Amino acid sequence: MKLYDFIVIGGGPTGLYTAWQLARRGFEGLVVEEHPIIGVPRYCSGVVGREAFERFSLPRESIQREMESVVICSPSGRRLRIAREDTGAYIIDRSLFDQGLYTRASEEGVKVRISSRCKDIRVGTRGVEITLESFGKRMDLMSRVVVIATGVNYAFHRKLGFRPPGMFLDTCQVDVEGVGFQEVEVYLGRMVAPNSFAWVVPVTGGVARVGVSTYRDSNLYLRRFLSSPALRERVLKVKGRMKRKPIPISPVERSYRDRVILLGDAAGQVKVTTGGGVFYGLLCAEAAVDVLSEALRTDRFNGTFRAYERLWRERIGRELRIGAIFRKIFSCLEDEEIERLIDFVSTAEGHHLVSTKGSFDWHGRLLLEFLKVPFLWKGAYRALKGYLKDLR
Ligand SMILES: Cc1cc2nc3c(=O)[nH]c(=O)nc-3n(C[C@H](O)[C@H](O)[C@H](O)COP(=O)(O)OP(=O)(O)OC[C@H]3O[C@@H](n4cnc5c(N)ncnc54)[C@H](O)[C@@H]3O)c2cc1C
């Protein structure tokens, strides 16, 4: 049986980027993707920070528009506009984005097997064997290392001794056609999206992506959101069906074992505050490429992937921890407290904090400042009480 240097399971952005970069370093590998078309179906809202495009050579052809502002809508319907002078983020077409990475990986020599679902993985001393189901046939393939970049499919975690992430957002999104979709809008409040937020992401030609994230029943909240006063007059047509999908918002406890690593959503490497996973996933992919290359070059696989876990936690671990604390507190806020938070951001002091400490991808510094604001302490107290109750 042919022995590949690497096999990546999952043709999403993290898997494709990793395969592309490993091939650039001279390793021979394969990506297996269960769907027939890369990037389809699309679930993502496609908001990706400018930093991602500056740091990685990403497919710019996927950019649909620039994002320079966001409108925050409070539970009572007040609107607060936060603008930047430069582009903070881009709104992208995730299908084109993934397909761009696929093209880059293929041009570098990576083989991509579409319509091929990985059914089983067995880790041995010489390598990792995987069983694929492809066009009605089963086949076994062998590789020196395997990257599990299967998104929110955790089918192999337990078998390989990993625990899946412990916390998820339940999300539901749909494309709509309508009027007045100019800026990204974020809606807060118990009626619209308890514990999280709803969004409107304008694309082009009057089309917007409208979605809700909550802890449960996101489909019901999305229906209600579409018929709310904020949207019902503006939405002229709902395009296609509502798509529901979980997003992991806590990282796995351990992301490696000999010859295998977990990456991206499969490892819970996602911004806890917003559920955005493309940039953090790519940062972790970058760490994975360094560690995998070294292991493949030296042919050493025993315990060597510990370095991967250390590297990615160094990059995003602090943000994930602060984000988790803030999310717990935010989940305990009453609507009036959310109103007060928005009041605070509207003041000169709040505005100064957001413009000096805020960043599209790094929220930790700003969140730590928010935690100093006394009216959030009630929420913090309730979060702590809930936490202690869970411990009992
Ligand atoms: C509604 C919604 C909105 C979002 N909006 C944003 C946003 O605006 N910005 C942002 O940064 N992030 C956003 N995200 C999160 C983002 O989509 C993910 O973090 C990102 O796609 C993770 O990339 P990945 O490569 O880890 O996994 P995925 O993109 O999920 O790719 C995994 C791939 O693995 C394949 N696969 C799974 N199991 C198998 C198997 N057994 N065999 C073969 N193939 C398999 C899947 O088909 C899939 O193609 C959003 C998510 C949702 C649900």
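Each ligand, and each atom within it, is numbered from 1 in the order the structure gives. Predicted model only: the values in this text are computed from it and were never measured.
Protein heavy atom at the shortest distance from atom 29 (O) of ligand 1 is Arg94 NH2, 3.2 Å. Nearest non-hydrogen protein atom to atom 5 (N) of ligand 1 is Ser45 N, 3.1 Å. What sits closest to atom 51 (C) of ligand 1 on the protein, heavy atoms only, is Ile247 CD1, 3.4 Å. For atom 9 (N) of ligand 1, the closest heavy atom belonging to the protein is Val47 O, 2.9 Å. What sits closest to atom 28 (P) of ligand 1 on the protein, heavy atoms only, is Gly151 CA, 4.1 Å. Nearest protein heavy-atom contact of atom 53 (C) of ligand 1 is Thr171 OG1, 3.5 Å. When only non-hydrogen protein atoms are considered, atom 40 (C) of ligand 1 lies nearest to Cys118 N, 3.8 Å. Ranking protein heavy atoms by distance to atom 33 (C) of ligand 1, first place goes to Glu33 OE1, 3.6 Å.
Between Trp20 and Phe56, the distance separating the two ring centers is not shorter than 6.0 angstrom.
The side-chain tip of Lys119 does not point at the ring of Phe156 from less than 6.0 angstrom away and within 45° of straight on. Because its NZ or CZ atom is both nearer than 6.0 Å to the ring centre of Tyr256 and within 45° of the ring axis, Arg254 counts as a cation-pi partner of that residue.
The shortest separation from a heavy atom of Gly281 to ligand 1 is not under 4.0 Å, leaving the residue out of contact. No heavy atom of Lys119 sits closer than 4.0 Å to any atom of ligand 1. Residue contacts with ligand 1 do not include Ala155, since none of its heavy atoms lies under 4.0 Å from the ligand. Residue contacts with ligand 1: Gly275 is included, with a non-hydrogen atom under 4.0 Å away.
Using modelled atom types, no side-chain atom of Glu369 and backbone atom of Lys357 make a donor-acceptor pair closer than 3.5 Å. In this structure, the side chain of Arg50 does not engage the main chain of Gly88 through any donor-acceptor pair within 3.5 Å. When atom types are taken as modelled, the side chain of Asp265 and the backbone of Gly268 share no donor-acceptor pair closer than 3.5 angstrom.
Within the 4.0 Å heavy-atom criterion, both parts of Thr14, backbone and side chain, lie near ligand 1. Under 4.0 Å from ligand 1, the heavy atoms of Ser116 that appear belong solely to its backbone. With a heavy-atom cut-off of 4.0 Å, Thr274 does not touch ligand 1 at all.
Checked by distance only, ligand 1 and Trp199 stay at 3.5 Å or farther apart across all their nitrogen or oxygen atoms. At under 3.5 Å, a nitrogen or oxygen of His35, whether backbone or side chain, sits near a nitrogen or oxygen of ligand 1. For Val152, no nitrogen or oxygen atom sits less than 3.5 Å from a nitrogen or oxygen atom of ligand 1, counting backbone and side chain alike. Backbone and side-chain nitrogen or oxygen atoms of Asp98 are examined, and none is located within less than 3.5 angstrom of a nitrogen or oxygen of ligand 1. Close N/O approach between Cys44 and ligand 1 is not found [any backbone or side-chain N/O within under 3.5 Å]. For ligand 1, one of its N or O atoms has an N or O atom of Val278 under 3.5 Å away. At least one N or O atom of Asp265, backbone or side chain, sits closer than 3.5 Å to an N or O atom of ligand 1. Ligand 1 has a nitrogen or oxygen under 3.5 angstrom from a nitrogen or oxygen of Gly46. Checked against a 3.5 angstrom limit, the closest N/O atoms of Gln173 and ligand 1 fall outside it.
Comment: Arg306 does not engage Glu309 in a salt bridge, judged by the lack of any side-chain N to carboxylate O separation of less than 4.0 angstrom. A salt bridge links Arg25 with Asp290: the distance from a Lys NZ or Arg NE/NH1/NH2 to an Asp or Glu carboxylate oxygen falls below 4.0 Å.
Looking at Phe156, Tyr43, Phe279, Tyr154, it is Tyr43 that brings a heavy atom closest to atom 2 (C) of ligand 1. Checking Pro13, Gly264, Gly12 against atom 23 (O) of ligand 1, the nearest heavy atom belongs to Pro13.
Around NZ of Lys237, the count of heavy atoms belonging to other residues, nucleotides or ligands within 6.0 Å does not exceed 12. Remark: Arg315 CZ is packed, more than 12 non-hydrogen atoms of other residues, nucleotides or ligands lying under 6.0 Å away.
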What's the verdict on salt bridge (charged side-chain N to carboxylate O under 4.0 Å, His left out) for Arg297 and Glu294, showing C-alpha distance, side-chain angles and the deciding distance? CA-CA 5 Å; Arg297 196 181 59 76; Glu294 184 58 15; 2.9 Å; yes
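Using a 30° and 60° split on the angle between ring planes, Phe326 and Phe370 fall in the tilted class, from 30° to 60°.
Listed by number with element, the atoms of ligand 1 under 4.0 angstrom from any heavy atom of Gly276 are 10 (C), 11 (O), 12 (N), 13 (C). If you number the atoms of ligand 1 from 1 as listed, the ones under 4.0 Å from a heavy atom of Ala149 come out as 32 (C), 33 (C), 34 (O). Shown in contact with Val32 at under 4.0 Å from a heavy atom are these atoms of ligand 1, numbered in order with element: 43 (C), 44 (N).
Side-chain atoms of Glu133 and Ser116 include no donor-acceptor pair closer than 3.5 Å. Between Thr131 and Asp140, the side chains place a donor N or O and an acceptor N or O closer than 3.5 Å (distance only, hydrogens not considered). In the model, Thr204 has no side-chain atom that pairs as donor or acceptor with a side-chain atom of Gln64 under 3.5 Å.
Here the CD atom belonging to Glu28 is positioned 11.5 Å from the CG atom belonging to Leu296, to the nearest 0.5 angstrom.
By the salt bridge (charged side-chain N to carboxylate O under 4.0 Å, His left out) test, Lys159 pairs with Asp120, sequence neighbours left out.
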